[in-house]
Structure formats: C-alpha cells, structure tokens
A.B. asks: 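Got a structure for you, written out below as structure tokens; questions coming shortly.
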Amino acid sequence: MVGVTGGIAAYKAVGVIRGFVLAGHDVHVVATDAALRFVGKPTLEAISRNIVHTDLYEGVAAVRHVAIGQAADLVVVAPATANTIAKLAAGLADDLLGNTVLATTAPLVIAPAMHTEMWHNAATAANIATLRARGVTIVGPASGQLTGSDSGVGRLAEPEQIVREALAVAVPQDLAGRRILVTAGGTREAIDPVRFIGNRSSGLQGASLAAAALSRGATVTLIAANIEVAAPAGATLVTVGSTAELAEAVASHAKLADVIIMAAAVADYRPRDVADGKIKKENQGDGLTLELVKNPDILAGLGHGRHGDEIVVGFAAETETDDAALLALGRQKITRKGADYLVLNRVGWTEGFTQAHNTVLMLDKAGDIVMEASGSKLSVAHRILDTLA
Ligand code: C5P
C-alpha cells in the first residue's frame with residue numbers, strides 16, 4: 001500500500017508507485033484529500049492499476065478502513081508531510097490513511113518531504129524520533145533544490161531509492177550476493193523475413209522470477225526472448241529472438257551464475273532454410289511444406305555440462321491432463337535434462353501461457369515433489385526462490 005499525502009512532492013509519488021508496479025507488486029493507493037490537490041486520482045489509478053482510496057466513509061460495508069491495512073504486506077507513505085508525520089506519531093485516525101496505518105501489522109516506511117525549517121523544527125524531529133523508535137523506516141529526506149528557489153534538506157528522496165529501501169524492508173534479503181540468470185519468454189524461429197514459428201509464452205513467469213530475485217537482494221541477468229511484459233528495473237537485460245541467440249546469450253552468461261532458471265519456452269525445431277525474401281503463395285501450390293530441424297537443448301547442455309556447483313532449474317509446460325501422467329513426464333524430463341530442479345505446470349488454451357496466475361509443482365533430482373504453489377506468477381516466483389534459497 002502506498003499512502004500519498006499533500007505536499008508538492010506528491011507528483012513524485014507517481015514514480016514511486018510505478019517503481020513498485022514495475023517490480024511486479026500489486027499496489028493499492030490511499031491518498032489524502034490534500035494529496036489529490038497536487039496529483040490527480042486518474043493518474044494514481046492508471047499508474048497503480050487499482051482504484052485509489054481517499055474517503056473514510058466510502059465502502060464502509062467492506063470495513064475498508066481496516067481491510068486495506070490488513071491486506072498490505074508493506075505500507076509506504078511517500079511523500080509524508082510534516083502534518084502526516086505528526087499524525088502518525090500521535091496515532092491519529094481522522095482520515096483513511098491514519099486508519100490504514102493503525103490497522104496494519106506490515107512494516108511501515110515513510111519518505112518525508114517538506115521545507116528545511118519544518119524538517120528541523122523540534123516538533124518534527126521529536127515525531128521522527130518517535131516513529132524511528134517504533135521501528136518505522138525513514139527514507140530521506142534528501143538535500144537539494146526545494147520547491148522555490150531555495151535549497152536545503154527536505155527534498156523527497158528519489159523514487160528509485162524509496163522503492164529499493166522499502167522493498168529491502170519488506171522482503172528478506174536471503175539472496176544477497178547470489179548471481180541469478182533467468183531466461184523468459186518464447187523463442188521465434190524465422191521462416192522468412194516476415195514470418196516465424198513461435199509460442200504463446202508471454203514471459204510473465206520469468207520476469208516475475210527476475211523481479212522476485214532482485215527484491216531478495218540477488219544480482220539478476222534476464223535473458224528475454226520476445227517478452228510481452230516489462231522487464232524489472234535493476235536486472236541486466238539481454239534481449240534475444242531465436243533459440244540460437246538465446247543459446248549464445250546463455251553460454252556467455254551462465255559461467256558467472258550461481259543459479260540458472262530456464263523459464264523460457266524454447267522452440268524445439270527451426271526451419272532448415274530461412275527464405276531470403278517473403279515466401280509468396282503465388283509461387284507455391286495449394287500446400288506449403290516447411291522442413292524443420294532440431295534445435296540444441298540448452299537446458300540439457302547446462303544440466304550435463306557443469307562449470308561448478310551452480311543450481312540449474314528447468315521448466316516443463318505440458319498439456320497432459322492426468323496428474324499421475326504429468327508427474328511421470330516431469331520425472332523423465334528432469335533426468336533427461338540433468339537439472340537440479342524442474343518446475344512443472346500444465347498449459348492449455350486457457351491455462352499457463354498468457355495467464356496472470358500459475359499452478360506449479362517443483363521436482364528435485366530424485367523426482368520427489370519439493371514444493372507446490374498456486375497463485376499470481378509473482379507469488380509462485382517467490383515460492384520457487386524459497387525452495388532454492
Ligand atoms: O523439453 P522441453 O521443451 O519440454 O523442456 C523445457 C525446458 O527445457 C525449459 O526449461 C526450457 O527452457 C528448456 N529448453 C531448452 N532448450 C530447448 C528446449 C527446451 O533449454 N531446445
């Protein structure tokens with residue numbers, strides 16, 4: 001949950017909210033009336049992708065003044081004005097934000113923004129000390145140009161810093177120092193300059209793995225093959241198109257990785273010949289035959305050709321409907337690929353690919369089920385990383 005209060009820096013709250021959203025989080029905004037004088041509700045709704053809450057007396061039947069705080073994993077107030085800081089220190093609940101903060105057990109992070117004199121005022125200093133003593137994390141304020149021509153302490157910390165420090169509070173840094181390579185998306189094999197053979201992978205599960213690993217402190221390289229989602233900020237992004245390009249990118253980054261997660265849907269076959277010009281139906285008969293040749297299996301190459309004690313994780317997306325048969329396929333695959341873990345999920349016209357949710361189970365080398373998860377692709381990503389951590 002992001003609380004936005006009424007200072008000129010409220011326009012920068014948009015960048016903070018966007019940072020959380022791009023990192024894969026579900027962001028709910030509670031804005032004070034004063035905040036909405038500085039930044040429009042439609043902007044906050046568009047950027048957060050959720051309805052913005054302001055009024056204490058709306059949605060009373062849903063007990064919203066408590067519900068928002070209870071549901072939050074993290075509460076960030078940015079910007080926090082001197083007035084809001086005083087209210088939070090006193091535990092006041094005369095608006096929706098005050099109620100939400102009192103009702104939450106999630107970590108609280110506040111990013112103050114005000115004029116230098118107000119920041120140095122003894123009342124504000126005492127309120128900040130009170131909040132710190134209660135375990136609240138204070139990000140900033142920075143020093144620099146203020147609203148007018150003057151400058152000094154009191155500027156809102158940069159949105160990237162607020163997002164980074166807030167996520168570090170909420171999420172255990174159990175992957176700090178680990179180098180994680182993730183592949184995401186689906187490879188495309190050219191038929192001619194305008195056509196390809198591809199698959200329906202959106203790259204959301206892989207991008208969510210990268211986002212989750214980043215938020216847990218890992219250094220992440222994301223090799224993205226035609227992904228339809230945003231790559232998380234903070235990852236080293238390598239974009240590829242075909243399986244050959246993916247193989248080359250993996251080969252050059254795998255040696256530096258402690259963990260390699262092959263979430264990409266890799267084309268098993270490619271056209272033997274790629275036409276230089278567009279294949280014209282006028283030059284063909286009623287049918288067109290494409291000859292396909294097998295692509296190298298990148299995962300099997302990593303699984304059977306180790307460079308050290310890296311952990312290799314494969315994915316298996318299967319249309320098999322029978323649970324026992326699906327599990328049997330997974331067990332055969334992990335052995336064939338030489339991976340340490342295999343994340344198995346069912347795909348179909350309406351399952352897996354392009355969906356926001358995923359249902360997976362994770363097998364270890366022995367073929368035992370070590371984890372089962374169902375939920376948003378970000379929550380599934382965290383469960384996979386819990387197992388690896
Ligand atoms: O054999 P299958 O395509 O079902 O295996 C899926 C797993 O193997 C995924 O982790 C995928 O990234 C990887 N794979 C690969 N190279 C291929 C085919 C699949 O690395 N040519």
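When a residue number appears, it is its place in the shown sequence, counting from 1. Counting convention: from 1, in listed order, for ligands and their atoms alike.
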A.B. asks: Who are the side chain to side chain contact (heavy atoms under 4.5 Å, CB included) partners of Ile311, not counting sequence neighbours?
C.D. replies: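 Ile311 satisfies side chain to side chain contact (heavy atoms under 4.5 Å, CB included) with Val259, Val313, Asp340, Tyr341, Leu388 only.
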A.B. asks: Is it true that Asp268 and Lys294 have a side-chain N and a carboxylate O under 4.0 angstrom from each other?
C.D. replies: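 No, no charged N to carboxylate O under 4.0 Å.
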A.B. asks: Just by distance, do the side chain of Arg179 and the backbone of Thr219 share a donor-acceptor pair under 3.5 Å?
C.D. replies: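 Checking the backbone N and O of Thr219 against the side chain of Arg179, no donor-acceptor pair under 3.5 Å is found.
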A.B. asks: Are Glu291 and Arg272 within salt-bridge range, i.e. N to O under 4.0 Å?
C.D. replies: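 Salt bridge between Glu291 and Arg272, a charged N being under 4.0 Å from a carboxylate O: yes.
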A.B. asks: Would Asp386 and Arg216 pass as an ion pair if we require N to O under 4.0 Å?
C.D. replies: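 Counted as a salt bridge, because a side-chain N and a carboxylate O are separated by less than 4.0 Å.
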A.B. asks: So what's ligand 1 close to, N/O to N/O, under 3.5 Å?
C.D. replies:
| from | atom 1 | to | atom 2 | distance (Å) |
| --- | --- | --- | --- | --- |
| ligand 1 | 1 (O) | Lys337 | NZ | 2.9 |
| ligand 1 | 4 (O) | Lys333 | NZ | 2.2 |
| ligand 1 | 5 (O) | Lys337 | NZ | 3.0 |
| ligand 1 | 8 (O) | Lys337 | NZ | 3.1 |
| ligand 1 | 10 (O) | Met262 | O | 2.7 |
| ligand 1 | 10 (O) | Phe315 | N | 2.8 |
| ligand 1 | 10 (O) | Phe315 | O | 3.3 |
| ligand 1 | 12 (O) | Met262 | O | 3.3 |
| ligand 1 | 12 (O) | Ala264 | O | 2.7 |
| ligand 1 | 16 (N) | Ile298 | N | 3.1 |
| ligand 1 | 20 (O) | Ile298 | N | 3.4 |
| ligand 1 | 20 (O) | Leu299 | N | 2.8 |
| ligand 1 | 21 (N) | Pro296 | O | 2.9 |

A.B. asks: Out of Val370, Val343, Asp368, Leu327, which one pairs with Leu363 under the side-chain contact (heavy atoms from CB on, under 4.5 Å) rule?
C.D. replies: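 For Leu363, the side-chain contact (heavy atoms from CB on, under 4.5 Å) test succeeds with only one of Val370, Val343, Asp368, Leu327, which is Leu327.
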